[in-house]
Amino acid sequence: MEPGSGWPEEPADASTRVVRTPAGVVRAAATSRTLTQLDARVSVCRACPRLVAWREEVAATGRRAYADQPYWGRPIAGWGDAHAPLLVVGLAPAAHGGNRTGRVFTGDRSGDWIFAALHRAGLAAQERSDHAGDGQRLDGVRIAAAVRCAPPDNLPSGQERAACAPWLDAEVQLVRPRVLFALGGIAWDASLACARRLGWNVPRPAPRFGHGAHAVLTLPQEDDDDGERGRRRGGAVHLVGSYHVSQQNTSTGRLTAAMLDEALGLAAQLAGVSTADAALG
């Protein structure tokens with residue numbers, strides 16, 4: 001789907017600069033002054049040839065169940081509250097989920113799990129997220145992915161993760177969350193790597209991932225004062241882990257709704273968001 005074609009919630013237009021190399025990602029991410037600008041640039045990135053080829057092949061061939069639907073077929077920007085105290089970090093879009101709908105964690109069973117949990121916590125307006133422009137809304141929460149394109153076998157290479165990392169760095173700097181909620185070990189590692197690149201103090205040895213794991217990442221002294229928003233009280237950002245909401249985990253019972261609610265509840269508590277705080281109608 002080309003920018004400016006009328007897709008709901010389209011962040012880019014025909015004039016948005018296309019990034020074609022990892023070095024270009026570094027420059028584009030570092031010079032993005034707003035989330036609007038960052039999201040637009042993310043959504044037209046072509047820096048990883050294998051991922052570009054895969055996402056576009058999937059978009060062209062589709063799946064029989066979605067034969068009547070167009071596919072987004074591009075990178076997926078973060079989505080939700082622009083000033084969210086809680087940032088959910090996932091792995092990558094699903095080939096027939098975000099790669100089809102154009103919104104992170106939307107249109108697949110993994111998305112059904114995380115949005116249902118956010119709805120139960122009072123942080124999402126609807127318990128499902130089926131397509132961009134469906135009326136879903138998040139308050140106090142934003143969702144992003146460590147890798148922005150759907151990868152073959154749901155497994156991006158180390159080189160692809162590294163190429164995409166500056167987008168997450170820039171998003172964290174612009175949103176300035178109190179809590180990172182990592183879905184899965186790869187998102188946990190990506191969050192720790194992001195913290196190190198941004199100059200935060202990460203405990204040694206590195207905190208190990210686990211469901212409900214909790215680590216405190218200390219910010220540099222000069223970054224303690226977050227002005228009027230006060231997102232980083234105490235000079236720290238919390239990292240909370242959860243097993244990923246993949247079908248492999250949810251269908252086998254490795255991750256249950258109660259487990260997800262408990263881990264998300266800890267993250268929401270640390271972020272200072274709750275049902276009472278969320279002004280959702």
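Here, residue 1 is the first one in the sequence, and each next residue gets the next number.
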**Student:** Whether the side chain of Trp188 engages the backbone of Pro207 through a donor-acceptor N/O pair (distance < 3.5 Å, no angle test) should be reported.
**Tutor:** yes
**Student:** Within the 3.5 Å criterion, strictly below it, is a donor on Gln37 or Thr34 matched to an acceptor on the partner's side chain?
**Tutor:** no
**Student:** Does the distance from a Lys or Arg side-chain N to an Asp or Glu carboxylate O, for Asp134 and Arg103, drop under 4.0 Å?
**Tutor:** yes
**Student:** To the nearest 0.5 angstrom, please state how far the CG atom of Leu239 sits from the CZ atom of Phe209.
**Tutor:**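 One gets 9.5 Å once the value is rounded to the nearest 0.5 Å.
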**Student:** Quick one: does Thr101's side chain have a donor or acceptor within less than 3.5 Å of a partner on Thr106's backbone?
**Tutor:**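 Yes, because the side chain of Thr101 sits within donor-acceptor range (under 3.5 Å) of the backbone of Thr106.
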**Student:** Do Phe105 and Leu118 pass the side chain to side chain contact (heavy atoms under 4.5 Å, CB included) test, and can you show the C-alpha distance, the side-chain angles, and the key distance before you say yes or no?
**Tutor:** CA-CA 12 Å; Phe105 271 122; Leu118 290 169; over 6 Å; no
**Student:** Measure from the side-chain N and O atoms of Glu160 to the backbone N and O of Ser157, and report whether any donor-acceptor pair falls under 3.5 Å.
**Tutor:** yes
**Student:** Does Trp200 use its side chain to pair, donor to acceptor, with the backbone of Leu192 at less than 3.5 Å?
**Tutor:**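 Absent.
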**Student:** Is a donor on one side and an acceptor on the other found under 3.5 Å between the side chain of Glu127 and the backbone of Arg120?
**Tutor:** no
**Student:** Check each of Leu174, Leu35, Val88 against Arg142 using the side chain to side chain contact (heavy atoms under 4.5 Å, CB included) test, and report the only one that passes.
**Tutor:** Leu35
**Student:** Is a side-chain donor or acceptor of Arg74 paired with a backbone partner of Met1 at a separation under 3.5 angstrom?
**Tutor:**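 Indeed, once roles are kept as given, a pair shorter than 3.5 Å links the two residues.
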**Student:** Does any N or O in the side chain of Thr16 come within less than 3.5 Å of the main-chain N or O of Asp13, such that one atom is a donor and the other an acceptor?
**Tutor:**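 Here the side-chain-to-backbone pair exists.
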**Student:** Are any side-chain N or O atoms of Arg41 and backbone N or O atoms of Ala28, one a donor and one an acceptor, separated by less than 3.5 Å?
**Tutor:** yes
**Student:** Clusters formed by hydrophobic residues whose side-chain heavy atoms approach within less than 4.5 Å: which one holds Val216, and what are its other members?
**Tutor:** none
